[in-house]
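Written below as structure tokens is the structure these notes are about.
All chains are named by letter (A, B, ...) in the order of the sequence lines, taking the proteins before the strands, and each is independently numbered beginning at 1.
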Amino acid sequence: MLDIRIVREDLDKVKQALATRGVAPGLLDELWDLDQQARTASTKRDTLRAEVNSISKEIAQLMRSGDTVSAGALRDRSRAIGDELSALESRAGELDVERREALLRIPNLPSEDAPVGVSEADNLIVRWWSPKSGMQNGSEINLPDYADYQRKPHWEIGSELKILDLERAAKISGSMFPMFRGLGATLERALTSMALDAHSDAFEEIRPPTLVRSATMVSTGHLPKFEEDAYRLERDDLYAIPTAEVPLTSLAKDEILLEEDLPVRLSAFTACFRREAGSAGRDTRGLLRLHEFDKVEILSYATPDQAADMHAELLRRAESLLQRLGLTYRVLDLCTGDLGNSSKRTFDLEAYSPGTGLWLEVSSVSWFGDYQARRANIRFRNSKSNQIEFVHTLNGSALAWARIWAVIVETYRQSDGSVTIPEELRPYMRNLEKIPSP
RNA sequence: GGAGAGGUGCCAGAGUGGUCGAAUGGGUCUCACUGCUAAUGAGUUGACCUGGGAAACCGGGUCCGAGGGUUCAAAUCCCUCCCUCUCCGCCA
């Protein structure tokens, strides 16, 4: 949620900034009007309330001194005002709600550092990494040479090695729900343990609930605008989380944190649920796009001063996992038009899938400024100014497993059809060296 | 799922219609006392919206789990919901 004050004070600047992500300026004009109306209405309401309050005090005094006649007269007067007041109250109340609802649907202001653009085609490739070349800046990517046997899509490898069973998953739950079997399932579990351990030096490991209230979805910006994307359990009014970001952000909802406790670092492993409405048929084969997938998320509450460093830290941590797994990836600086609703700036990590020839998004590392904190009401007291301020929230996937699983089995496929297990994972997989071909 | 109890400030806890943003105790911070620490004494200590002001600050409004209602007036009365605790039932 934006600070209504900057809309009030600098309407043109807000319009301009949001235009870069495709928000119609008229929407801001409407909000500005609504704010003016809401403020005049509540001022009127408050002066009338003040009058009723003071009359009530007078009545109390008169009652105590036994002057019931004067008290009765005042009571009649107050009652008359009361009718007028209740009309004003409901008007002001409506306007408040309308203003908040409008505000909840307006996306965050992009960072000035985010590249300006309209679609994912305008995202900036800032660097890439492969085990052979190491880190390289720029967008000129020389992919490693992949052998023919690595050019097999993971869904074929998966059924060949009996470690992925999409057919039966579909029988159980429908398409786009995965089922891993045998060492395939072990691989997911190993990835999870490895990742959580990798962040355990600084992050508190959380295992949050997977079903949340609607208010929790509002805090992160997943509601009200993206209702269609989420699974909802109507009977209990709960939503299945699309990412651990949702419960982790609301962990500190309505709290005032101590500055010395910042930055807070949290990690969590959860399943993530996405309806993927409207994306049917688009890169949906195998594990490319799923209704349910597992993910380790890292998240931070930071002071505004700490936010830039924290953003870099989260990105570094996500990247380091990809490097440890020996997977070729590139780093994208998302352009304003492709930025998520709540984000000010996002770096996506895309791993290269030799079996499909696609770059797969396996992590998204975002800085939200105070946008989510304002929605969730998460604050801290600035010890220098002694003022209460909103924290900044940041988070990143580290990492999203199903796609990583896909890239691993393709990248590490051997000529005999078996898959070598990346060394870093072996301690988590009973020290096995490969997933054998039957 | 059934029966009961309860949700008040940083914490504990009083308050059952007006003098209550809220007793009291603890904590916090400040000052005094003290060689230091401790102890003691005095004071201090909320958030949000809004108007004025450069600011310190001042005015108005809201907030006693959430939302509605009754009343001139609600922490206090009524309704709905949420949460916590105890007991019973069921269950990984």
Contacts of Q323(A) meeting side chain to side chain donor-acceptor pair (under 3.5 Å) (sequence neighbours excluded), chain-then-number -> Y329(A)
Check this for me, if you would: do D229(A) and R274(A) make a salt bridge, where the nitrogen-to-carboxylate-oxygen distance has to be below 4.0 angstrom? no
Rounded to the nearest 0.5 angstrom, the CZ-CG distance for R375(A) and L104(A) is 4.5 Å
What interatomic distance, in whole Å, is found between C1' of C64(B) and the corresponding atom of G46(B)?
12 Å
| task | Determine the Euclidean distance between corresponding C1' atoms of C11(B) and U28(B); express it in Å to zero decimal places. | result | 11 Å
Which part of the nucleic acid, if any, lies within reach of S56(A) when heavy atoms closer than 4.0 Å are counted: base, sugar-phosphate only, or nothing? base
Protein heavy-atom contacts under 4.0 Å, written 5' to 3' over nucleotides 47-66 of chain B as B (base), S (sugar-phosphate only) or - (none), form the string SSSSS--------BSS----
So the side chain to side chain donor-acceptor pair (under 3.5 Å) pairs with at least one residue in residues 183-192 of chain A (sequence neighbours excluded) are T192(A)-W401(A)
query = Distance between the P atoms of U30(B) and A39(B), in whole angstroms?
reply = 16 Å
L74(A) atom CG is separated from C72(B) atom C1', nearest whole Å, by 9 Å
Residue set satisfying ring pair (Phe, Tyr, Trp, His ring centres under 6.0 Å) with F203(A), at least two apart, ordered chain then number -> H199(A)
Rounded to whole Å, the CG-P distance (L258(A) to C29(B)) equals 13 Å
In numerical order, the residues of residues 58-72 of chain A whose heavy atoms come under 4.0 Å of RNA chain B are I59(A), A60(A), M63(A), R64(A)
With sequence neighbours left out, the residues meeting side chain to side chain donor-acceptor pair (under 3.5 Å) with D294(A) are none
Taking the same atom, C1', in U40(B) and in A22(B), what whole-Å distance lies between them?
-> 28 Å
Using Watson-Crick geometry (N1-N3 plus N6-O4 or O6-N4) or G-U wobble (N1-O2, O6-N3), each under 3.5 Å, A3(B) is paired with U86(B)
When both distances are under 3.5 Å in a Watson-Crick or G-U wobble arrangement, the nucleotide paired with U71(B) is none
Sorted by chain and residue number, the side chain to side chain donor-acceptor pair (under 3.5 Å) partners of T356(A) (sequence neighbours excluded) come out as S353(A)
Across all chains, not counting sequence neighbours, the ring pair (Phe, Tyr, Trp, His ring centres under 6.0 Å) partners of F347(A) are H311(A)
Using Watson-Crick geometry (N1-N3 plus N6-O4 or O6-N4) or G-U wobble (N1-O2, O6-N3), each under 3.5 Å, U16(B) is paired with none
Work out how far the C1' atom of A54(B) is from that of G61(B), and round it to whole angstrom. 25 Å
- Message: Rounding to an integer number of angstrom, what distance separates C33(B) and A42(B) when you compare their C1' atoms?
- Response: 11 Å
R317(A) meets the salt bridge (charged side-chain N to carboxylate O under 4.0 Å, His left out) criterion, sequence neighbours left out, with D201(A), E313(A)
_Is the ring pair F273(A)/Y231(A) parallel, tilted or perpendicular, if the boundaries are 30 and 60 degrees?_
perpendicular
Checking N1-N3 plus N6-O4 or O6-N4 for Watson-Crick, or N1-O2 and O6-N3 for wobble, each under 3.5 Å, the partner of A38(B) is none
Suppose you measure atom C1' in G65(B) against the same atom in G6(B); what distance do you get, rounded to whole Å?
11 Å
| request: Sticking with atom C1', work out how far U76(B) lies from G60(B), rounded to a whole angstrom. | output: 25 Å
By side chain to side chain donor-acceptor pair (under 3.5 Å), E89(A) pairs with (sequence neighbours left out) R49(A)
Taken to the nearest whole Å, CD/E89(A) to P/G67(B) is 14 Å
Distances under 3.5 Å only, N/O to N/O: pair up the protein atoms with those of nucleotides 80-82 of chain B.
residue: C82(B); atom: O3'; partner: R213(A); partner atom: NH2; Å: 3.3
residue: C82(B); atom: O2'; partner: R213(A); partner atom: NH2; Å: 3.3

For S250(A), the side chain to side chain contact (heavy atoms under 4.5 Å, CB included) test, sequence neighbours excluded, returns T216(A), S219(A), K253(A)
As its Watson-Crick or G-U partner within any shown strand, both distances under 3.5 Å, G59(B) has U50(B)
